[in-house]
Every structure is written in C-alpha cells, then in structure tokens.
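Data block below; observations after.
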Amino acid sequence: MKYIDPHIHCVSRTTDDYQYMARCGVVAVSEPAFWAGYDRSTASSFADYFRHLLEVEPKRAAKYGIQHYAWLCINAKEAENVSLSREVIKLIPPLLDHPLVLGVGEIGLNKNTRNEITVFEEQVDLAARYDQMILIHTPHLEDKHKGTAIITSILKNDKRIKPERVLIDHCEEHTIRVARDNGFWAGLTIYPVTKVTPQRGADILEQFGPKMICVNSAADWGESGPVNLTDTCLEYRSRGHSEQEATEIFYNNPCRFFGQNAKWKLKASE
Ligand SMILES: [Zn+2]
C-alpha cells in the first residue's frame with residue numbers, strides 16, 4: 001500500500017525516518033513551515049529555513065524515492081513578534097512560484113493572542129492576494145476549540161478564501177465538525193502518547209467517516225515520528241477495513257486536497 005504523509009517536519013528528522021517511510025511505502029510528503037524548537041532572532045534565519053525546505057529537504061527525500069513539497073509562512077508561535085513576522089512575510093511572495101511550494105502554512109494560532117491573530121490575518125490576506133492554498137495549525141490542548149473557532153470565522157469572513165482549498169490540521173473529536181461543516185478539509189495529527197493516538201485516530205475515522213480527512217504524523221523535533229501514520233493505518237485495517245478503504249484515507253484524500261494545486265503530480269487511484 002502507498003502512503004502520503006501530508007504534514008511532517010522532515011528538517012527535524014533523521015535519515016532513519018526517511019528509510020522507515022520508504023520501507024512502508026510513503027511516496028510523498030508535505031512539510032509546512034513551523035517552529036524549529038527555538039525562536040529565531042532574525043528574518044534571515046527564515047530565509048535560510050525556506051531554502052532548506054525548498055532545496056535541501058527535497059534532495060534528501062528523493063534519495064529514498066519520496067517526493068517532498070513545502071508550505072511557507074511564519075508559524076503561530078513566533079508570530080508573537082509582529083515586526084519580525086512582517087519581515088518574514090515579505091520574503092514569501094517571490095518563493096510562491098517555486099515548483100515545490102503548495103501554499104501558505106502552517107499558519108494559525110498557538111495561544112490565541114492578539115498578536116497571533118494579527119499575523120494570522122495578514123497571512124490569510126497574503127494567501128488570498130496570491131491565490132494560494134492554506135494549511136492551518138490549530139492550538140493544542142485547552143485552547144483548541146476556541147482557537148479553531150476564531151480561525152474558521154476569520155477564514156469564512158474573507159470571501160476570497162475557498163474553504164475546500166484550506167486544510168485545518170490537528171483536529172480532534174470536538175473540532176472536526178467545526179472544520180468540515182464549514183467546508184474545510186480536516187487534518188488528524190497522530191502522536192505516540194499525548195493528544196490523538198493511533199487508536200483514537202482510528203476511532204475518529206470510524207465515527208466521522210473518511211471524507212475530507214487527511215491523517216498525518218506531524219513528526220517534528222519533539223516526541224513524534226512517521227510510525228504514527230502507518231500505525232494508525234494498521235489500527236484501522238485491524239478493525240476490518242479493506243486496503244481500498246485505507247487507501248482512500250492515507251493516499252487518495254491527500255492527493256485530492258493537494259491536487260487542487262497543479263504542482264502536485266500524484267493522482268488519486270479511483
Ligand atoms: Zn506542524
């Protein structure tokens with residue numbers, strides 16, 4: 001079976017993880033720009049980070065037969081610094097035509113602060129002006145429902161934004177409807193222990209149905225890993241779902257969402 005990991009931070013992972021993904025049949029990944037585990041001090045650090053995402057990581061992935069795409073933005077955590085954020089946002093437009101850039105992301109909220117909302121709105125405007133798809137980070141833990149509601153209302157109020165071109169990630173049981181009922185795609189991020197585990201992910205897929213859901217590992221510099229994507233698929237299959245049903249979720253759905261951008265080459269298997 002073939003997989004796509006629609007949200008993974010490869011810059012933080014070892015080559016062992018690429019080997020693991022290749023063995024399991026992961027053929028493509030998408031990497032949103034995010035926090036690096038520490039706050040960067042200047043916009044030039046982000047310029048280098050974007051170069052890493054667009055030049056270094058695709059070559060690294062290609063060695064394992066994996067296609068690597070990226071999304072650009074300033075993440076919600078570092079968006080607390082509004083003046084730095086504005087300098088970073090200025091770096092983005094010239095890079096949007098790059099053949100491996102799928103859109104603006106992962107933008108969103110972390111602690112739902114005024115500054116985060118300001119920078120979020122400016123990046124939604126950037127995406128709208130350049131007709132870009134959007135990948136959304138929703139806050140973890142107790143701020144999640146409130147943050148998801150703020151994000152979706154900002155997106156809904158901007159008539160230039162087409163909801164089906166937006167993926168709202170890190171959904172849980174109490175937020176998945178907020179995303180899908182408003183016409184957005186929903187992402188499920190699977191973690192080994194905290195947050196949504198493979199078992200809980202399979203529960204959500206069964207409870208809510210697979211339509212417009214993309215499952216990902218979001219593997220980053222913290223406790224996480226690409227194994228959480230494949231473990232969720234194994235858990236789902238162990239409950240009696242067919243390979244075709246699993247392919248719908250773990251391959252076809254990402255192809256359908258990303259395929260709205262002509263740069264994405266893989267096609268859903270019908
Ligand atoms: Zn992420």
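Counting convention: from 1, in listed order, for ligands and their atoms alike. Below, each value reflects all heavy atoms present in this structure, side chains not excepted, and no hydrogens, waters or symmetry copies.
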The Zn ion (ligand 1) to nearest N/O/S of His7 below 2.8 Å:
yes

Can you name the one residue among His137, His7, His170 that meets ring-ring contact (aromatic ring centres under 6.0 Å, His included) with Phe34?
His137

Confirm or rule out an N/O/S atom of Asp220, from backbone or side chain, lying less than 2.8 Å from the Zn ion (ligand 1).
no

Classify the angle between the aromatic ring planes of Trp264 and Phe258 as parallel (below 30°), tilted (30 to 60°) or perpendicular (above 60°).
tilted

Relative to the Zn ion (ligand 1), which of the N, O or S atoms in Glu106 is the closest?
OE2

Provide the closest heavy-atom pair for Val227 versus Thr230 in the form atom of the first, atom of the second, distance.
O-OG1, 3.1 Å

Validate the cation-pi geometry between Arg40 and Phe46: distance from NZ or CZ to the six-membered ring centre under 6.0 Å, angle to the ring axis within 45°.
yes

Look at His170 and state whether any of its N, O or S atoms is less than 2.8 Å from the Zn ion (ligand 1).
no

